[in-house]
Amino acid sequence: MLAVVKTENRQEVAVRPVQLPKLSSGEVLIEVDYCGVCGSDLHAYNHAPGYEFVELPRILGHEVSGVVVQVAEDEDQHLLNQRVVIESIQYCGECSNCRSERTHICERFRVIGLHFDGGMAQFVKCHSRFVQKIPDALSSPIAALVEPLSIAIHAAESIGRVKTGDKVWVQGCGIIGLFVGVVCGLAGAEVTISGLPRDKEARLRHASDFGLKSFIVGESANSNEKVDLLFECSGSPGGIRDGLERLKKGGRTVMVALYEQDIPLPLTKAVRNEWELLTSYGCQPVDYGSSFSILKQLESQLQNIVSIYPVTMAPQAFNDALQQKVLKPVLSLRG
Ligand SMILES: [Zn+2]
Ligand SMILES: [Zn+2]
């Protein structure tokens, strides 16, 4: 089978023939239809600090939609021929966090496509407990967005506790920023999403399709109006500091991005303003259910933000994503 392999060389992926995965007990084999290219795939592609744990060569990919074609256990027969997605965070089920339904921060968690081989391949295997069936009405390319949208749901709802009428500022207009904005908008918040001038024609172009206001740093007229809730999804060193300037006293900020360097924070100011400084990581299995419903609801707008590349063009997809030319590259594994 063909797979997209992250090689030992920085900013290089190669499309190569590799061995078909062999199932161990409890596992299922999935023939992959689509696999999204995620921010964390790009961090791995870049050999970013914090990604040293990724052993190379590695088949990347955790935003998978596909069809179960083989199961190791009789009890998993019901999954055969079903369209499924894979939960990216594979948890132990036994540690104290898992036992209190916080599987996304499992002490022994492993992410498919980073800790072990993932779904940018014609076939991928995983334990049956980490697959979720795709609702019939939802198309497979859009179903591949379920994980990034679930991450936004976790950030906006569970951590950010967004509510109707909140003024929300989303710093950063990548897919997670956009999705956080979308989830807050659906919750009845008034959302502005900020980006740079170069984002206007590419990543920010579709914000208004989802009812979000956009703000271009250095171009849009600034106002002194403060917001209730800030989501930092840019990962840029200046992003969090600029964003905090917009936060009202007693406001809440949720850091969702991952940072390639340590960033100093104005903590005295944070104390005097009693800002809540929160972090959000990953998502929980339950978030996938809400995520599927939102994907269905917004399917037609979402089709405009996805750029589909045949698997053989994976190097191009990574490059376009790194240069921020496209909002959401998705690989088609069936050619
Ligand atoms: Zn992802
Ligand atoms: Zn655990």
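Model, not experiment: these values are computed from the prediction. Counting convention: from 1, in listed order, for ligands and their atoms alike. Computed from heavy atoms alone, side chains included, the values below leave out hydrogens, waters and symmetry copies.
For the pair R129 and Y91, the cation-pi criterion (under 6.0 Å, within 45° of the ring axis) is fulfilled. Stacking of R246 on the aromatic ring of F215 is recorded, both the 6.0 Å distance cut-off and the 45° axial limit being met.
Within H62, NE2 is the N, O or S atom that lies nearest to the Zn ion (ligand 1). Of all N/O/S atoms in E147, OE1 sits nearest the Zn ion (ligand 1).
For the residue pair Y51/E260, the side-chain donor-acceptor check at 3.5 Å is not satisfied. Side-chain contact annotation: E12 with T7, donor-acceptor N/O pair under 3.5 Å present.
Listed by chain and residue number, the protein N/O/S atoms under 2.8 Å of the Zn ion (ligand 2) are C92 SG, C95 SG, C98 SG, C106 SG, with waters left out.
A salt bridge is absent between R252 and D228; no separation between the charged side-chain nitrogens and carboxylate oxygens falls under 4.0 Å. For K269 and E245, the salt-bridge test passes: some basic side-chain N is under 4.0 Å from an acidic carboxylate O. Residues R161 and E276 are paired through a salt bridge, judged by an N-O separation under 4.0 Å between the basic side chain and the carboxylate.
At a cut-off of 2.8 Å, E63 coordinates the Zn ion (ligand 1) through an N, O or S atom.
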